[in-house]
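This report refers to the structure that appears directly beneath it.
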Amino acid sequence: MFHAPRVAVLATNRQSSQHGEQIMKVSIIGAGNMGSGFVKQLTRAGHEVFVTARNFAKAQALAAANPGASAVSPETAAAQADIIVLATGFNEAIAALESLGSLQGKVVVDITNPLTPDYMGLTIGHSNSAAEEIARAVPGATIVKAFNTVFAQVLAEGADFGAGQTVPVFVASDDATAKQSVQALAQSIGFATIDAGGLKNARYLEPLGGLNIFFGYGAGQGTAIAPTWLHKA
């Protein structure tokens, strides 16, 4: 769904960095490995970053380690953000979003994969996805699926794999404007982006994230890997 008031807010709140990228206000929900990677990369790119977590002391420590980041309460995190990055596990995702208060008109980036306890399978699939479950739980927000195929180690170390290889982020949403905003955010921290269509295509992206985890851990390839899409020249 298109939310005209939200688009107006994004357009007026953003500034441009010295390199021409739009500077956004981004709230990170979660201070684990993925949350830490986002805070590191987004502050380096010059974005205004807020972080909150169930363990507030952990959020404070993360903010202190990254100049340009601030630890805030959940309610504050939602109110002042252009984009909210949900950097929790899927099992904690809905409760974490509900703790933020009103999400009406907010863009929420869902990075989760609905993993089994051994991380080698998915608990949702085929006719549903974690992203769609989250969208139903917070109907006022615009959900964008992205970054679920990126390992935390890759996020922390950067998207440049050398030899002309740049890690891509697949981005799916039913809102074209929100998708473009998230693509711009991903590109600002060095990632390539691939438009993955509507939110229901999270049903394909989440198994791809699971396959990446299998290759990394189950097949012993390590975490310096990422899936991509090749185009014949």
Side-chain angles (χ1 to χ4, degrees), residues 21 24 26 28-45 47 49 66 83 85-90 93 108-116 118-125 129-131 134 143-173 178-233:
E21 299 97 349
M24 305 184 200
V26 186
I28 311 301
I29 313 304
N33 291 336
M34 287 295 288
S36 297
F38 277 112
V39 172
K40 174 183 176 181
Q41 296 296 349
L42 291 170
T43 53
R44 286 186 173 185
H47 298 290
V49 178
N66 292 275
I83 293 178
V85 177
L86 179 61
T88 71
F90 172 61
V108 175
V109 182
D110 166 35
I111 72 168
T112 69
N113 289 307
L115 298 170
T116 56
D118 64 358
Y119 300 101
M120 290 293 110
L122 300 179
T123 60
I124 296 175
S129 66
I134 291 168
I143 305 301
V144 180
K145 190 76 183 187
F147 285 97
N148 73 297
T149 60
V150 176
F151 276 125
Q153 295 85 343
V154 171
L155 179 60
E157 294 173 12
D160 185 358
F161 271 18
Q165 300 179 102
T166 302
V167 175
V169 171
F170 300 91
V171 185
S173 179
K179 187 189 298 184
Q180 290 168 2
S181 295
V182 174
Q183 286 179 296
L185 188 69
Q187 290 163 9
S188 78
I189 59 175
F191 287 86
T193 59
I194 297 174
D195 187 333
L199 193 65
K200 71 177 182 180
N201 286 345
R203 301 173 190 180
Y204 307 132
L205 295 180
E206 290 167 10
L208 182 59
L211 182 63
N212 193 46
I213 290 168
F214 168 76
F215 283 144
Y217 292 100
Q221 293 188 23
T223 56
I225 61 173
T228 189
W229 225 253
L230 299 179
H231 295 265
K232 187 174 181 179

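Residues take their numbers from the sequence shown, with the count starting at 1.
At least one donor-acceptor pair under 3.5 Å links the side chain of Asn201 to the backbone N or O of Ala196. The backbone N or O of Phe170 lies less than 3.5 Å from no partner atom in the side chain of Lys145, so there is not a single donor-acceptor pair. Of the possible donor and acceptor atoms, none in the side chain of Glu206 sits under 3.5 Å from a partner among the backbone N and O of Pro114. Remark: side-chain polar atoms of Gln41 are paired, donor with acceptor, to backbone N or O of Ala156 under 3.5 angstrom.
Interatomic distance, CZ of Arg44 versus NZ of Lys40, reported as 4.5 Å (0.5 Å rounding). Note that CG of Leu42 is 5.0 Å distant from CG of Leu185, once rounded to the nearest 0.5 Å. Atom CG in Asp195 sits 3.5 Å away from atom NZ in Lys179 (nearest 0.5 Å). Between atom CG of residue Asn66 and atom CZ of residue Phe38 there is a gap of 13.5 Å, rounded to the nearest 0.5 Å. In this structure, CG on Leu208 lies 10.0 Å from CD1 on Ile213, to the nearest 0.5 angstrom. Summarising the geometry, atom CG belonging to Leu155 is positioned 8.0 Å from atom CD1 belonging to Ile111; distances are rounded to the nearest 0.5 Å.
Checked against the 6.0 Å centroid threshold, Phe147 and Phe191 count as a close aromatic pair. Separation of the Tyr217 and Phe151 ring centroids falls under the 6.0 Å cut-off.
Residues Leu205 and Ala172 come closest through the heavy atom pair CD1-CB, 4.0 Å. When all heavy atoms of Gly190 and Thr166 are compared, the pair lying nearest together is O-CG2, 3.2 Å. Minimum interatomic distance between Ile189 and Ala45 (heavy atoms only, all atoms of both residues): CG2-CB, 3.9 Å. Residues Val154 and Ala224 share a closest heavy-atom pair of CG2-CA, 4.4 Å. Ala226 and Asn212 make their closest contact through CA-OD1, 4.0 Å (heavy atoms, listed as atom of the first residue, atom of the second, distance). Scanning both residues, Ala202 and Ala131, for their nearest heavy atoms gives CB-CB, 3.7 Å.
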Verdict with reasoning, Thr228 to Gln165, per side chain to side chain contact (heavy atoms under 4.5 Å, CB included): CA-CA 10 Å; Thr228 189; Gln165 300 179 102; over 6 Å; no
Residue pair Val171, Val144: steps toward the side chain to side chain contact (heavy atoms under 4.5 Å, CB included) verdict: CA-CA 7 Å; Val171 185; Val144 180; 3.5 Å; yes
Audit row: Ile83, Ser181, side chain to side chain contact (heavy atoms under 4.5 Å, CB included) steps and yes/no: CA-CA 8 Å; Ile83 293 178; Ser181 295; 4.1 Å; yes
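Here Ser129 pairs with Glu132 under the side chain to side chain donor-acceptor pair (under 3.5 Å) rule; sequence neighbours left out. Scored by the side chain to side chain donor-acceptor pair (under 3.5 Å) test, Gln187 finds Thr193 as partners (sequence neighbours excluded). Annotation: side chain to side chain donor-acceptor pair (under 3.5 Å) contacts of Thr112 (sequence neighbours excluded): Asp110.
Counting heavy-atom neighbours within 6.0 Å of Phe161 CZ, excluding the residue itself, gives a total above 12. Counting heavy atoms of neighbouring residues, nucleotides and ligands inside a 6.0 Å radius, atom CG of Asn33 does not exceed 12 of them.
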